[in-house]
Amino acid sequence: MQKPQAAADVIVCPVCKKELIKTEVIINKYVCYECGSYFRVRTSNRIKMVADKESFTPWFDVTEFKNPLDFPEYDKKIAAAQEKTGLKEGVSVGEAKIYGESVVLGVCDARFLMGSMGHVVGEKIAAAVERATQKHLPVILFCCSGGARMQEGIISLMQMAKTSAALKKHSDAGLLYIPVLTDPTTGGVTASFAMLGDVILAEPKALIGFAGPRVIEQTIGQKLPEGFQRSEFQLEHGFVDAIVERRNLKKTLYQLLKLHKVRKGFANFDTGSDRKFIPSELMKERSAKSRAFSAWEKVKSVRNTKRTASVDYMEEIFDEFIELHGDRYYRDDPAIVAGIAALDGQPVTVIGIHKGRDLKDCMKHNYGMPSPEGYRKALRLMKQAEKFNRPIITFVNTSGAFCGMEAEEGGQGEAIARNLYEMSGIKVPILCLMIGEGGSGGALALAVGNEVWMMEHAIYSILSPEGFASILWKDGKRAKEAAEVMKITAQDLYRLNVVEKIIPEFGGADEASKHDISMFMKCHMREFLEKYSGLSGDELAEDRYQRFRRF
């Protein structure tokens with residue numbers, strides 16, 4: 001007969017209400033093994049889960065408490081919270097290591113007055129960020145808060161500006177800041193340091209919002225739908241980069257730290273990774289058979305959903321790809337897949353337009369027609385790459401920018417124009433690969449590069465052959481004829497000096513040739529980065545300017 005669990009060995013899940021064995025919950029990173037819901041984690045346990053053993057050194061534990069508004073019994077409330085939690089205040093900060101990488105780590109604790117931000121919390125965070133800037137260290141903050149501390153009124157409000165200003169100086173020094181949003185992250189914390197990260201992570205189903213559900217309902221009487229303001233909602237609406245399960249969090253943080261380590265130049269490849277590409281005999285045979293494709297045959301070829309996609313090349317070429325989401329304004333556009341990866345150890349920002357592989361996937365990715373939010377997401381990550389001195393590689397395959405009503409309402413023209421404007425001056429190398437269709441300004445918005453390469457059967461044009469024939473000849477049926485006249489193939493554009501390199505397809509960009517094409521790209525990408533490694537940021541921007549000035 002199984003011995004009954006002692007009360008101290010059992011905890012109840014606040015969501016499914018089932019009794020759980022405490023030791024099993026701890027092993028499971030404080031996640032309910034019955035329903036998957038997340039327990040809120042106290043400071044000491046959070047540090048154990050993400051920091052190397054005994055590596056955390058606390059900072060600023062002795063910070064003077066004040067009652068700026070002489071709020072009745074506020075000091076007693078603080079004393080009670082200190083006694084109950086064993087903490088001095090609602091946040092703990094210090095230096096730690098994550099798999100050997102030094103970081104400044106901060107953890108907010110909901111048990112201390114709901115993690116609300118008073119002057120001590122603001123002071124500890126600002127001071128920790130300042131010291132991180134002095135020591136040239138990245139900052140990781142686990143955010144958990146009900147918002148501003150009401151007992152401190154306007155002084156609490158001032159902490160929002162103070163912490164944000166400290167993070168601006170940290171960012172200006174070229175340093176990485178990662179907030180991890182946990183349940184709940186609301187109010188003045190959301191409207192300050194929680195949303196200012198270079199990369200913003202969130203735990204699953206965490207409540208994240210400026211005004212919490214109760215405040216919204218009581219203030220304007222609006223009943224909120226299920227899932228509103230949760231992590232998944234914030235991801236869909238473009239405000240967080242990724243939702244990371246707790247069991248993967250330490251590894252994800254370590255990957256991000258590695259990909260953001262300071263490096264000089266753009267060709268810091270791992271030793272022993274300088275292999276040359278040699279195509280197989282089969283690929284040579286396939287390539288020879290496909291060279292006689294007409295322009296119209298190439299148009300049909302690149303529109304085939306079986307054609308190798310940007311995400312396939314990303315998977316083959318790069319290591320440690322971490323996808324990042326959202327434009328930080330309105331939405332995450334699935335037509336553009338983007339993130340950080342390593343090319344033989346060299347961190348790069350990778351951005352690709354993805355059409356989809358079947359009907360369901362195509363609908364999810366809007367058939368590779370980006371919306372304004374997609375271009376803004378791409379630009380956000382390009383500016384981030386510039387901050388961290390990371391080369392940018394784009395994979396372009398789109399019939400054109402989305403032209404629906406909502407795209408016009410979102411400012412499609414402005415979004416494309418802004419990319420052209422900003423990309424022209426970015427101070428890291430930009431390599432752009434036309435891998436399928438290059439449709440008009442929607443393609444150009446990701447193709448302002450130091451070099452533009454084009455796949456053997458890809459096309460790049462002012463608009464589709466059908467559109468060209470309709471406008472000039474008032475007859476869309478003459479699209480085949482238009483394709484020849486428009487000079488849209490890689491070979492045409494190479495002769496016009498619009499592209500610098502033609503990438504062989506070895507018979508067609510399909511599953512059989514995917515690896516060979518990817519390895520060709522990879523070898524030549526390395527050469528590209530080596531070529532531009534000796535140029536300064538200003539020289540890279542000027543090189544790009546002169547490239548387009550010649551047209």
Side-chain angles (χ1 to χ4, degrees), residues 273-321 323 335 337 339 341-344 348 350-365 367-368 393-399 431-439 443 452-460 483 488-494 499-528:
S273 58
D274 57 346
R275 299 179 300 273
K276 297 296 181 183
F277 169 74
I278 302 173
S280 67
E281 291 303 316
L282 174 61
M283 291 300 111
K284 291 176 184 177
E285 287 177 25
R286 281 168 49 98
S287 189
K289 290 177 182 178
S290 70
R291 283 176 188 154
F293 276 16
S294 69
W296 183 242
E297 286 172 322
K298 291 182 179 185
V299 171
K300 293 190 292 183
S301 169
V302 297
R303 291 176 176 174
N304 189 334
T305 57
K306 301 300 182 185
R307 185 176 176 85
T308 308
S310 59
V311 292
D312 299 317
Y313 294 125
M314 291 180 189
E315 188 177 297
E316 283 280 330
I317 295 168
F318 305 106
D319 302 316
E320 300 184 73
F321 177 71
E323 185 177 358
V337 178
L343 176 67
D344 285 338
V348 292
V350 186
I351 301 166
I353 302 178
H354 183 45
K355 285 186 174 184
R357 296 190 180 92
D358 52 40
L359 181 59
K360 184 177 179 181
D361 199 35
C362 286
M363 290 176 67
K364 175 185 174 183
H365 295 280
Y367 298 87
I393 299 173
T394 69
F395 294 85
V396 181
N397 183 16
T398 180
S399 59
L431 172 62
C432 308
L433 288 78
M434 293 290 171
I435 62 169
E437 285 188 277
V452 178
W453 301 350
M454 200 165 167
M455 292 188 64
E456 184 180 359
H457 300 321
I459 61 171
Y460 189 13
I488 61 178
T489 70
Q491 295 72 21
D492 292 326
L493 299 180
Y494 184 77
V499 300
E500 279 77 12
K501 191 183 295 292
I502 297 176
I503 301 167
E505 293 192 16
F506 308 111
D510 54 20
E511 187 62 31
S513 62
K514 178 176 70 174
H515 178 73
D516 286 79
I517 295 171
S518 299
M519 291 306 100
F520 179 93
M521 288 178 177
K522 185 172 185 175
C523 288
H524 287 269
M525 285 174 184
R526 287 171 52 97
E527 291 175 3
F528 169 86

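Just so it is clear, the model here is predicted, and its values are computed rather than measured.
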For [X], all residues meeting side chain to side chain contact (heavy atoms under 4.5 Å, CB included), sequence neighbours excluded:
X    : result
N304 : K306
A443 : V396, T398, M434, Y460
E297 : F293, S294
V311 : A309, V337, H354, R357

Say you draw a straight line from [atom1] of [X] to [atom2] of [Y]; how long is it, rounded to the nearest 0.5 Å?
X    : Y    : atom1 : atom2 : value
I435 : M455 : CD1   : CE    : 7.0 Å
Y494 : W453 : OH    : CH2   : 12.0 Å
K360 : D358 : NZ    : CG    : 8.5 Å
F395 : T308 : CZ    : OG1   : 11.5 Å
E437 : I459 : CD    : CD1   : 5.0 Å

Who passes side-chain hydrogen bond (donor to acceptor under 3.5 Å, both in side chains) against E323, sequence neighbours left out?
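With neighbours one apart ignored, the set is empty.
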Side chains of residues 514-521: which donor-acceptor pairs under 3.5 Å do they make with residues two or more places apart or in other chains?
{"from": "K514", "atom 1": "NZ", "to": "E511", "atom 2": "OE2", "distance (Å)": "3.4"}
{"from": "H515", "atom 1": "ND1", "to": "E316", "atom 2": "OE1", "distance (Å)": "3.1"}
{"from": "S518", "atom 1": "OG", "to": "K514", "atom 2": "O", "distance (Å)": "2.8"}

Note: R307-E505 ion pair, threshold 4.0 Å (strictly below):
yes
With a 6.0 Å cut-off (strictly less than), is the heavy-atom count around OH of Y367, excluding the residue itself, greater than 12?
yes
Enclosure of E527 CD (heavy-atom neighbours >12, cutoff 6.0 Å)
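Yes - once you tally the heavy atoms of other residues, nucleotides and ligands closer than 6.0 Å, there are more than 12.
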Looking only at heavy atoms, what is the nearest atom pair of I488 and A483, with distance?
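Reported closest heavy-atom pair: CG1-O, 3.8 Å.
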Tell me every residue that passes ring pair (Phe, Tyr, Trp, His ring centres under 6.0 Å) with F528, counting only those two or more places apart in sequence or in another chain.
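Applying ring pair (Phe, Tyr, Trp, His ring centres under 6.0 Å) to F528 gives Y532.
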